[in-house]
Amino acid sequence: MTEEKCPQLVDYFVVAGLAPGGSAPLDEEGQQRGGRVVEPVTDLVVIARGLGEEVPEGFTCIEKTQGGHPAELSAGLINNPHMYLCYRRGHDKPPILDLGVLYEGKEVVKQGWYVIETTPYSRSASLSFGGPATHRTFLTYRRAPESQALHTLGVTDISLLLPSKGEVAAHTFCRVEKNLNTGIWGPALYLCYKRAVAKANALVYEAGLISRYPEADVESFPLPESVPMFCLPMGVTVESWPLNTKYQLPVFSTFVLTSACGDKVYGAAIQFYEAFPRECLSERQSVRLGLVSVVDRRPITNRTLQVKKSVCVLSHWPFFTVFQKFLTFVYRYSISGPHVLPLEKHISSFMHNVPFPSPQRPRILVQLSPYDNLLLCQPVSSPLLLSGASFVKLLQNLGPENACVLLLAVLTEHKLLLHSLRPDVLTSVSEALVSMTFPLRWHCPYIPLCPLRLADVLCAPMPFIVGVHSSYFDLYDPPTDVVCVDLDTNTIFQAEDKKPLSWRSLPRKHGKMLVNTLTNLMKTLEKIYTTGQEEATLEFLLTDYDLIYGRQKQLELEIQEAFLRFMSCLLRGYRAYLLPITQAPSDRTTDCSSLFNLQGFLKSRERTHQKFYTQLTRTQMFTQFIEECSFVSDRHACLEFFDECVQKSDVEKPEEVRLIDLDEAHSGEHTVFIMPPEEPQEPDGSECPTHYSYETFPVLCMDLFDQPQDQLRVPTKGSAPSSPAPRRTKQEIKLAQKRAQIYSAVPDMWSKCLLGHCYGLWFIYLPTFVRAESAKVRALQTAYEVLKHMETRKVVLPDEVCYRILMQLCGQYGQPVLAVRVLLEMKKAGITPNTITYAYYNKAVLESKWPSTNQGGRLRWAKLRNVLMAVAQFRQPVRQRQKSGSVGSDQRSRPQSNLIRQSSWSGLSESSSHESLTGSMVKSNSLNSMRGSTDSANGCSDPASRKPPVGPRDTSTPSPFPPGGVLVRRDQVCLSNFYKDCAETADSDPDCSCQPGERDDTVSRKAVDENYNNVSPPSRGSLTGKLQQLLTPTRHRVSGRRAASVDARRSGGENGPVHRVSEQRQSRKAQVAESLLKAKERLYNATSESSLSVGSDVDLPDTTNLAFPLRKSWDTNQEGAGLQVLMSSCSLCRSCNSLVYDEEIMAGWTSDDSNLNSSCPFCSTTFVPLLNAEICDLGPISSYSESSILLYPQLTPLVLRKELESLLENEGEAVLAQGQLLDSHSIIFWNLVWYFHRLGLPSNLLQLVRSSPLANQLAQNSAVRVRLLWDTLTPDTDHWPPLYILWRIHSGVPMRNHSWRRHNHPFTLAFLEEVLRWVGMNEVHKGITLFLETIAKHPGTPKIQRSLYREMLFLTLAAMGRDHVAAFDKKYKAAYQRLSGSLGRGELRRKRAQPPSPKAVDCRRSFLLPLEC
């Protein structure tokens, strides 16, 4: 498996500013558009006009409030001195930063604040008369330091307002929440002021591109031309500063771009100033900047010239904090020096050497220099899309109620204009606004940080979300229909002629729950939130990162979860109103009205909220949401997660339900260190001289960049698969794991869970299977029948992948009608299709060609046919009367018609006898293993000599003998007494076939000589007859053929007691025999590719009822030649040296999809079970060839599915049809073969075996057959042979040669007969006691690897047939309960005599019983 390349962290590095070729000025255009330049406020005074004071020169008096009322500050005084506030603008002083109100005696003057205590005429400036019961009121202000006079948020406008007159603060104004009128009468009066960046003597130009890296565009993402405008949204400014001006710190800003395909690209930039040469300015520009006197044009030398520039990185990932640190380091590197390495080396090192954090490397520590480092952490693993949203900043800057008001504005698609003096806050809050309406997506214009050049978008006649710098309002007034949100003052401004937005317009219950949750989170935020701390030290990064920022991350998710919970409750039950496409599409099929029952959805909501829901459903967001739910989109994983949230929130108290679960599996402490670029050294080992120093930020030189060794690729975004893809979303995988964990504790559900994952594996393989089949439609129909069979068996499906893949294939191969049937099958199974499945269903029925609805010609032909058929039906009775004599002869000649199938004794037709593996390979009875090779010589294998199946008896004629043979007393049942009596029935016994490859007598005879303990083998026919007598008292399945042979033998004079039975009992026996005959006739038709039922007495009910055709693994074009694959899952527990079998292994598995271990049922030790496979060559002689055993770990269906999905994701679906699967992924291949043949599901995997080196070493054949065995393929010959092997040895049945050694075991033929006799007489406890006593009497340590249950089960299976297994389980369990009282459970468990667990029995029952012994 190739190592997956990590995505690239940074795509571009850009330097923006004043382009070398010159840029167009923006200030002149701004003045033509009506722009205005406002100087900051530098002085404040209070005058008393009632005392004769006048407004000082250069000052402006505030005489009116915003509503036009008198703005007297002393209106509440008895002797009103008519005091007014005056201000002066200018640049001669540092600007005033803030205004305030001081209540003397109640508070202390803050440091840095000035109090206006007197008027310019030295009178008191108190706005109230102080006294014992009152306090004096003064105005205060705070001024900027001399060194920070420029680029400071200074006060640019002041106003007064009277709330009692309905006046509110104007847009962008801050209100001082202290009443100026503290008198006993008069209205309340409040002070408001506006702040803006104080600038002077500046020229503004359009930003241009100075340099970039890389120079060539990335194929998947070309560099947009508008990037420089977003780096400097207010343009490039050339400014003149006083010499004593303090150097300005860089300003960090972020922005978001949307590509043509809808992907978001995040930009992070810092803006800074650097020196600009005066020689580049014209005389007119120098005059405007104050560098030349206006009168005599003399240069002014006490000012410096600065120009704004920006550096920026573009990325698909919103790591804004990391980018800010990197850009700050780059800027500091450029202004310091000299350096050994150029700046370009550090830029290329960060872009090419820093990987994207992944689960394997969740923390990446980047050492930029010996003194600078940054920590890059993996994003929170969440189904929600990664964005640059900060819900903490949203709540901090807006508060709970205003946040809900903006939620309402976004849901109803209003025009929103966000503005702030902090550019980075604009992007974070804007991203949060469009994220809090998930799953609805904003499709209208969205510009979180809008450049001044693009401000015309505010006049667009459509909804938008735009963020601008607050200085925009110094130049323009916003449109009246726009909702303006000031993030700095937490105020929302709306048009006066419209009803103001209120969060109470939201659905009452859900809106109130949201506000309460946000209020509580706001209180928590105020307690725990602290500003970012210094992170320069390595110790902080590695020790305190989670401690400092863990709470903030958790709080971020809780705020996001509150909005997600509101949206889940808001759209609860929406999927019930989706309208699937069930007919041929028309022009209006894809309309929202055809895809969604809008009226039904509105009627399901409360009547008081109809207005809100009506507005919501009319938005473009909701229409697009319905289309995304109905058709395939790149958001199907997110929509599926939202559906799960809707289900979780459908409770009485949804606020207590957690919707977002952190994936802690992807978190870790592993940290990857990225070192800075190495500094070169001189040949003598000394340090290189420092050549690189910069006066200004340099133009990037491409020759100095280090080229990447291996270009990292950017992952493809949002690509919906066009071909059927067995992909599960993270949410489906997580849900399947939870279900498996629950089902693992329930015995009867665990097996169904494993069964569901097995069927899921086959449906993942289904696209490859259908692609290889010539009859595509038939293959799809087979898959549909498998779905129906799964519903019949009540299979627990972990997800909807089975239905989804079949729907995808229906769309790919043009079968829309079948897709509709699959949807109906889902609804029949009680499964509501999720967003992904529903989308692929609609795609299949929409894009496929439907059958023609024009039935004109077809209908006329059908009518003509019906007429002719009716005439023929009317004429038939007339012909029968006229030719009554010839009718009988016609009926007698009918069996000669080629429509009647002539069946041989094996159940195969004469014409299809060539389909058997060899000439004598036929379906056998449970006693087929007791016939010898002499049967073939006696003509048993000749189809002509075989008797046809005996039909059902006529129950009206009672038989003098019971249909099951003679009835004997229990004390007469002994195999050794019946050898001679039944020897004459050996040749007439129909069960004469043996399994393929088991006709080599020399091998078996050698084994008999070593292990039968001096007991001469009797004739197999006698054993057959005696076992038939054993079956009679149990009253289980009875063969009609055996009954007929016993009747004939008894009528010939056989001695023995004869008992008549009643007609009712004989009729019941006849019905059982008839059912057995029907089962035998179905036996071949239900044979799977793996020949699972070979050697069984009757087929199982679950397999005979299959409606889908099971594959034949044997190639019918070749007779008697091919490859045979023997497989077994029996594994050895090394701890207790016990063999653990298939159902016990399944019962010991866990729900962990990464755990390969199973637990031993005897010692509870965990071990990895092994899957054994052996490839044999079946030549003309049909003998086993020597071949090596292939051992592979047996994977649980959960682990196998995870590995298979990973394989398909990395190497594509084509790998399932290539020999590479068998060579490079043999574990996955053989596990798939095992499970597919275990369930009898069709596949083409065996074709890969034909071309593999394993098959080439044996023979060049095109036919491959698989047999699944219950017992191990490699028994330990140092231990005693199992009882069923000894039985077959004594019976002379040819078997595979295992070279058993001579052992002095106590298991004689008499012992085997006695055990079988007790089993047949339903006294299994005596058989268990006999086994334990025999072992105890034998000297030495018993060399047994199988449990007592397994020994007796296999013996019963070999001697009596497979249909007795279920009955034996019940008998053994009852016997174990009976012996537990006398011997004790602990003693029985120590001797490994316990029966299998209920979970193991249920696993065997769910997976049927198709394994051979």
Side-chain angles (χ1 to χ4, degrees), residues 925-930 964-978 982 991 1022-1039 1042 1095-1098 1141 1270-1271 1281-1291 1293 1306-1335 1344 1346-1380 1382-1383 1388 1391-1396 1401 1404 1409 1413:
N925 228 341
S926 62
L927 305 177
N928 62 342
S929 59
M930 303 181 184
V966 295
L967 295 176
V968 296
R969 293 192 302 271
R970 294 177 64 175
D971 56 356
Q972 295 177 343
V973 180
C974 181
L975 289 180
S976 59
N977 297 334
F978 287 96
C982 296
D991 303 319
S1022 62
L1023 291 179
T1024 302
K1026 302 314 164 187
L1027 280 179
Q1028 180 61 36
Q1029 302 298 329
L1030 282 178
L1031 297 181
T1032 301
T1034 62
R1035 296 184 61 185
H1036 285 303
R1037 304 178 186 268
V1038 182
S1039 172
R1042 297 177 186 172
S1096 62
D1097 188 12
V1098 293
Y1141 289 86
W1270 208 341
D1271 205 1
L1283 299 185
Y1284 80 95
I1285 292 292
L1286 296 176
W1287 174 263
R1288 289 179 177 175
I1289 290 175
H1290 289 302
S1291 303
V1293 177
F1307 305 134
T1308 62
L1309 178 61
F1311 170 81
L1312 301 179
E1313 294 174 351
E1314 188 71 9
V1315 171
L1316 288 174
R1317 187 168 69 88
W1318 293 127
V1319 172
M1321 291 190 301
N1322 199 13
E1323 295 185 359
V1324 181
H1325 65 282
K1326 294 185 178 180
I1328 297 175
T1329 305
L1330 175 64
F1331 187 93
L1332 296 178
E1333 292 176 353
T1334 304
I1335 293 297
I1344 302 177
R1346 294 160 184 81
S1347 65
L1348 195 154
Y1349 164 82
R1350 196 66 56 175
E1351 292 279 8
M1352 297 185 66
L1353 173 67
F1354 286 172
L1355 178 61
T1356 304
L1357 182 64
M1360 298 182 180
R1362 187 169 303 175
D1363 54 334
H1364 293 271
V1365 172
F1368 174 80
D1369 281 340
K1370 297 179 181 179
K1371 297 176 184 177
Y1372 192 91
K1373 185 176 180 180
Y1376 179 77
Q1377 297 289 343
R1378 182 172 180 176
L1379 292 176
S1380 297
S1382 58
L1383 299 180
L1388 291 177
K1391 296 180 179 180
R1392 294 184 301 184
Q1394 73 270 24
V1401 173
R1404 183 198 303 168
L1409 187 61
C1413 188

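Keep in mind the model is a prediction, meaning the values are calculated, not measured.
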- Query: By ring-ring contact (aromatic ring centres under 6.0 Å, His included), which residues pair with Y1372, not counting sequence neighbours?
  - Reply: Y1349, F1368
- Message: I need the T1329 OG1 to W1318 CH2 distance, nearest 0.5 Å.
- Response: 10.0 Å
- Item | Under the side chain to side chain contact (heavy atoms under 4.5 Å, CB included) test, residues paired with K1391 that sit two or more places apart | L1332, E1387
- Note on the structure: Nearest heavy-atom contact between M1360 and L1316 is CE-O, 3.5 Å
- Nearest-0.5 Å distance that lies between atom CD in E1333 and atom NZ in K1326: 12.0 Å
- Could you pull out the closest heavy-atom pair between L1283 and L1355, with the gap in Å? O-CD1, 3.9 Å
- Message: Apply side chain to side chain contact (heavy atoms under 4.5 Å, CB included) to residues Y1141 and L1353 and explain how you reach the verdict.
- Response: CA-CA 12 Å; Y1141 289 86; L1353 173 67; over 6 Å; no
- Can you see which heavy atom on H1325 is nearest to which on L1379, and at what distance? O-CD1, 3.9 Å
- When rounded to the nearest 0.5 angstrom, what distance separates CG in L1357 from CH2 in W1287? 13.0 Å
- State, to 0.1 Å, how close V1319 and T1356 come at their nearest heavy-atom pair, and which atoms those are. CG1-OG1, 3.9 Å
- Message: Under the rule for ring-ring contact (aromatic ring centres under 6.0 Å, His included), what residues qualify as partners of F1311, not counting sequence neighbours?
- Response: F1307
- Item | Contact check, side chains of V1401 and K1373, non-hydrogen atoms, under 4.5 Å | no
- Task: Report the distance from atom CD of Q1394 to atom CG of L1388, rounding to the nearest 0.5 Å.
- Result: 8.5 Å
- Minimum heavy-atom separation for R1346 to R1392, with atom names? O-NH2, 4.0 Å
- Query: Which residues pass the side chain to side chain donor-acceptor pair (under 3.5 Å) test with Q1377, sequence neighbours left out?
  - Reply: R1385
- Query: Rounded to the nearest 0.5 Å, how far apart are CE of M1352 and CG of L1312?
  - Reply: 11.0 Å
- Query: What's the spacing between E1351 CD and I1285 CD1 if we round to 0.5 Å?
  - Reply: 10.0 Å
